[in-house]
Peer 1: 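Questions regarding the structure given below will be posed in turn.
Quick note: numbers below take in every heavy atom, side chains included, and nothing from hydrogens, waters or symmetry partners. All of these numbers come straight from a predicted model, not from anything done at the bench.
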Amino acid sequence: MAHSKLALLLAATATAAMVAAAPADAKSSQTKAVTDTPAVLPQVENEGWWRAFGDPVLDRIVATVLAQNCDLQAASARIDQARAAAGYARANLLPSANLSASAQRVSQSLESPIGAAGAALGLPRAFDLYQAGGEASWEVDLFGRLGRERRAALSDLGAATHTAAAIRLSLASEAAAAYVELRRLQASLAIAEAQVANAEKTAELVRLKVDNGFAPARALDQAVARRDEARAALPGLRAAIAAQADRIDVLMGRTAGSARAELAGGGGALAAIPAAIDPGADTVPAYLMRRRPDVIAAEQHMLAADDRVAVALKEYYPRISLGGLLGMVTLGISNMFTGDSVQAAGGVSLRWRLFDFGRIDAEVALARGRHAEALAMYRGVMVQATADVETALTDLGEARQALATRQQQVAALTAARDRTSAAYREGDVALLDVLAAEQDVLAATQQFAAARARVAQASVFAVRALGGGLGQEENDHG
């Protein structure tokens, strides 16, 4: 694990250093132990990683969350905005043309210089003027300013796309973790109900012994207290189940309570708790972390800022544009398409900001400051990503070890209970001993259910830390 962390840190530092150095122009029963065999993540469809759980209810929950979440809809709108901006930047590289036409009735004032001069020359005071034609212009990207603007816009589009992917990953992970927790609570409730039934049987047997003088009264008080303690756990578990179902409703954009009927079930069986999925931790973490959409989004923001430094620097150079005009102007509509009405113009224009009293210097300094900010944020995201990966994989490994231990504990206590039951049938032990052994098994099974859920949730967090599933279509933003 230490080697993976070192590799991630080296990758983050090397990448950031290269960017910083680059010039501006230059991603059978409840008590039976259940084996937690990890499923394998789909290799073809990365986007649907949660389907590795093999749970149709979870699939429907995640699909609804991704379809109705407001944050994701806002992120999609930002992608549309960035795509439009990229299209506008691309259009700036191409010539533009305009068509125009007008018809006017003009009456000159005889008190104006033009009207007075026309009257002196015998020209009519009123006349009709017809114009039609088109003009074209094209800024020659001689120094690459427009090209860098387009590259910056494409990087913004990439950042918006991968930010949306990060939101999708976070929402899917939260929904999966909430679903696992719900199933754990339902299993815990079923086990707790079995514990209550066992405690009630024990209290009744103790009552009989006390009534017949075979046990002191304090034994009954203790048995009743243990029964009441088991009963007291039930309302809290039911409330927690309802709250967790409401949380899933909120994630799906529904009114709280809508999904309780759909999410009820599982019968309390441990098998209802989804088995952990394999996040692919055997693959090089530094490679998998490049799939993290938040890292890629931060990188795209940094690249956009770098291109905008270049754009600011290009303001030191002149802008050269080509323009042309071809049209017809006539006083009579009948002469519109004759050679005498044609007018044309063409030429080259130059715009150069020579004396602006430091405005360009300020724009360059501003762009460089934003680039430094984006670079620092990118490095911060990379460092945080290394911590996320290391923590998630460590937590998953420790959770698996704890689960294996709990499984062994349940197996041992189950064997002890079975032997106690056999001894009871032979008349060697009392029924109270059998009930006590059963209570030990139920308590251990409760802990096993919690450990199984923790492994499943840890695998979800590991998938999220490693980038989950970022579809290839989300990388294709050019």
Peer 1: Let me confirm one number: the CD1-CZ distance from Ile277 to Phe53, rounded to the nearest 0.5 Å.
Peer 2: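 Reported to 0.5 Å precision, the distance equals 4.0 Å.
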Peer 1: Do Trp49 and Leu466 make a side-chain contact, defined as non-hydrogen atoms from C-beta onward lying under 4.5 Å apart?
Peer 2: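 Heavy-atom side-chain distance check fails, nothing below 4.5 Å.
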Peer 1: Would you say the side chain of Trp50 lies within less than 4.5 Å of the side chain of Val463, judging by non-hydrogen atoms?
Peer 2: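 Answer no - side chains too far apart.
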Peer 1: Apply side-chain contact (heavy atoms from CB on, under 4.5 Å) to residues Val295 and Tyr378 and explain how you reach the verdict.
Peer 2: CA-CA 7 Å; Val295 172; Tyr378 171 65; 4.3 Å; yes
Peer 1: If you measure from CD on Glu149 to CG on Asp141, what distance do you get to the nearest 0.5 Å?
Peer 2: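 Separation between the atoms: 8.5 Å.
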Peer 1: Going by atom types alone, do Ser137 and Ser321 pair a side-chain donor with an acceptor below 3.5 Å?
Peer 2: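 Side-chain D/A pair, Ser137 to Ser321: absent.
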Peer 1: Are Gln131 and Ser100 linked by a side-chain donor-acceptor pair shorter than 3.5 Å?
Peer 2: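 No pair is found: no donor N or O on one side chain lies under 3.5 Å from an acceptor on the other.
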Peer 1: Go through it in stages, so that I can follow the logic: the residues are His162 and Glu299, the test is side-chain contact (heavy atoms from CB on, under 4.5 Å), and I'd like the CA-CA distance, side-chain angles, deciding distance and then a yes or no.
Peer 2: CA-CA 10 Å; His162 289 94; Glu299 181 183 40; over 6 Å; no
Peer 1: Quick check against the 3.5 Å criterion: does His371 have a side-chain atom that pairs as donor or acceptor with the backbone of Ala367?
Peer 2: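 Here the side-chain-to-backbone pair does not exist.
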Peer 1: Could you work out, with side chain to side chain donor-acceptor pair (under 3.5 Å) as the rule, every residue matching Asp294, not counting sequence neighbours?
Peer 2: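 With sequence neighbours excluded, Asp294 shows a side chain to side chain donor-acceptor pair (under 3.5 Å) to Arg292, given in chain and number order.
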Peer 1: From Met252 CE over to Leu66 CG, what is the distance, rounded to the nearest 0.5 angstrom?
Peer 2: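 Those atoms lie 12.0 Å apart.
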Peer 1: Tell me whether the count of non-hydrogen atoms from other residues, nucleotides or ligands lying under 6.0 Å of OH in Tyr88 goes above 12.
Peer 2: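 Check fails, neighbour count at 12 or below.
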Peer 1: Going by heavy atoms in the side chains, are Thr163 and Pro293 under 4.5 Å from each other?
Peer 2: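 Side chain of Thr163 against side chain of Pro293, heavy atoms only: no contact under 4.5 Å found.
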Peer 1: Taking only Lys NZ, Arg NE, NH1 and NH2, and the carboxylate oxygens of Asp or Glu, determine whether Asp59 and Arg51 approach each other closer than 4.0 Å.
Peer 2: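 Looking at Asp59 and Arg51, the cut-off is not met.
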Peer 1: I need the Arg90 CZ to Arg150 CZ distance, nearest 0.5 Å.
Peer 2: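 These two atoms lie 6.0 Å from each other.
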Peer 1: With a 4.0 Å cut-off on N to O distance, would you call Asp395 and Arg454 a salt bridge?
Peer 2: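 Salt bridge between Asp395 and Arg454, a charged N being under 4.0 Å from a carboxylate O: yes.
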Peer 1: Please report the closest heavy-atom contact between Val62 and Ala175, naming both atoms and the distance.
Peer 2: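 Closest approach of Val62 to Ala175: CG2-CB, 4.2 Å.
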Peer 1: Report yes or no: does Ser76 contribute a side-chain atom to a donor-acceptor pair with the main-chain N or O of Leu72 at less than 3.5 Å?
Peer 2: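 No, Ser76 side chain to Leu72 backbone: no donor-acceptor pair under 3.5 Å.
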Peer 1: Within the side chain of Asp361, is there an N or O that forms a donor-acceptor pair under 3.5 Å with the backbone of Ala365?
Peer 2: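 No: the side chain of Asp361 does not pair with the backbone of Ala365.
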Peer 1: Using 0.5 Å steps for rounding, measure from the CG atom of Leu154 to the CG atom of Asp307.
Peer 2: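 One gets 9.0 Å once the value is rounded to the nearest 0.5 Å.
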Peer 1: Counting only heavy atoms from other residues, nucleotides and ligands, does the tally under 6.0 Å from CZ of Arg319 exceed 12?
Peer 2: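 Enclosed: over 12 neighbouring heavy atoms sit under 6.0 Å from CZ of Arg319.
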Peer 1: Answer whether the closest heavy-atom distance between the side chains of Asp306 and Arg148 falls below 4.5 Å.
Peer 2: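 The answer is yes, as the side chains (C-beta and beyond) meet within the 4.5 Å cut-off.
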Peer 1: Among residues two or more places apart or on two chains, list those pairs meeting salt bridge (Lys or Arg N to Asp or Glu O under 4.0 Å) that have a residue in residues 344-357.
Peer 2: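 Matches after skipping sequence neighbours: Glu315-Arg353, Arg353-Asp356, Arg353-Glu363.
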Peer 1: Report yes or no: does Arg452 contribute a side-chain atom to a donor-acceptor pair with the main-chain N or O of Ile273 at less than 3.5 Å?
Peer 2: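 At least one qualifying donor-acceptor pair exists.
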Peer 1: Tell me the closest heavy-atom pair linking Leu185 and Ala240, and the distance in Å.
Peer 2: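 That would be CD1-O, 3.6 Å.
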Peer 1: Sequence neighbours left out, what passes side chain to side chain donor-acceptor pair (under 3.5 Å) with Arg370? Give chain and number order.
Peer 2: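 Applying side chain to side chain donor-acceptor pair (under 3.5 Å) to Arg370 gives none.
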Peer 1: How many angstroms lie between CG in Leu171 and CG in Asp71, if you round to the nearest 0.5 Å?
Peer 2: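 Going from CG on Leu171 over to CG on Asp71, the span is 7.0 Å.
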Peer 1: Who pairs with Glu174 by side chain to side chain donor-acceptor pair (under 3.5 Å), at least two apart in sequence or on another chain?
Peer 2: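 Residues passing side chain to side chain donor-acceptor pair (under 3.5 Å) with Glu174: none at all.
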Peer 1: Hey, could you give me each pair passing side chain to side chain donor-acceptor pair (under 3.5 Å) that has a residue in residues 117-130? Not counting sequence neighbours.
Peer 2: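 Every pair satisfying side chain to side chain donor-acceptor pair (under 3.5 Å) with a residue in residues 117-130: Arg105-Asp128.
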Peer 1: Within the supplied structure, the quantity of interest is the number of heavy atoms (other residues, nucleotides, ligands) at a distance under 6.0 Å from Leu123 CG; does it exceed 12?
Peer 2: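 Check passes, neighbour count above 12.
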Peer 1: Mind listing the closest non-hydrogen atom pair of Asn92 and Leu146 along with its distance?
Peer 2: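 Smallest heavy-atom distance, with atoms named: O-CD1, 3.4 Å.
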Peer 1: Quick one, Thr391 and Phe461 - any side-chain contact, counting heavy atoms below 4.5 Å?
Peer 2: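 No - every pair of side-chain heavy atoms lies 4.5 Å or more apart.
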Peer 1: Under the side-chain contact (heavy atoms from CB on, under 4.5 Å) rule, what do Gln446 and Ser188 come out as? Steps first, then yes or no, please.
Peer 2: CA-CA 6 Å; Gln446 189 78 274; Ser188 295; 2.9 Å; yes
Peer 1: Applying side-chain contact (heavy atoms from CB on, under 4.5 Å) to Leu313 and Arg368, what does each step give before you reach the verdict?
Peer 2: CA-CA 10 Å; Leu313 289 171; Arg368 283 178 170 161; 3.9 Å; yes
Peer 1: To check you understand the geometry: which heavy-atom pair defines the closest contact between Val460 and Ala177, and what is its length?
Peer 2: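 Heavy-atom minimum between the residues: CG1-N, 4.5 Å.
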Peer 1: Is there a side-chain contact between Phe448 and Leu403 in this structure, where contact means two heavy atoms from C-beta onward sitting under 4.5 Å apart?
Peer 2: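 A side-chain contact exists here, since the closest heavy-atom pair is under 4.5 Å.
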Peer 1: Quick one: are Gln108 and Ile114 in side-chain contact, heavy atoms under 4.5 Å?
Peer 2: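 Yes; the side chains approach each other to less than 4.5 Å.
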Peer 1: Between Lys314 (side chain only) and Phe143 (backbone N and O only), is there a donor and an acceptor less than 3.5 Å apart?
Peer 2: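 Indeed, once roles are kept as given, a pair shorter than 3.5 Å links the two residues.
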Peer 1: For Val455 and Ala276, work out which heavy atoms get closest and say how close.
Peer 2: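 Closest approach of Val455 to Ala276: CG1-CB, 3.4 Å.
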Peer 1: Please determine whether side chain to side chain donor-acceptor pair (under 3.5 Å) holds for the pair Gln384 and Asp388, giving the CA-CA distance in whole Å, both sets of side-chain angles, and the decisive distance to 0.1 Å.
Peer 2: CA-CA 6 Å; Gln384 183 60 50; Asp388 291 345; 2.9 Å; yes
Peer 1: For Asp156, which of Gln81, Arg308, Arg151 qualifies under side chain to side chain donor-acceptor pair (under 3.5 Å)?
Peer 2: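 Filter result, single survivor: Arg308.
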Peer 1: Please find the pair of heavy atoms, one from Val180 and one from Ala456, that lie closest to each other, and give the distance.
Peer 2: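 Nearest pair, atom of Val180 first, then Ala456: CG1-CB, 3.8 Å.
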Peer 1: Using side-chain heavy atoms (C-beta onward) and a distance below 4.5 Å, is Ser341 in contact with Val329?
Peer 2: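 Sidechains of Val329 and Ser341: no contact.
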Peer 1: Could you list the donor-acceptor pairs under 3.5 angstrom formed by side chains in residues 343-350, with sequence neighbours left out?
Peer 2:
none

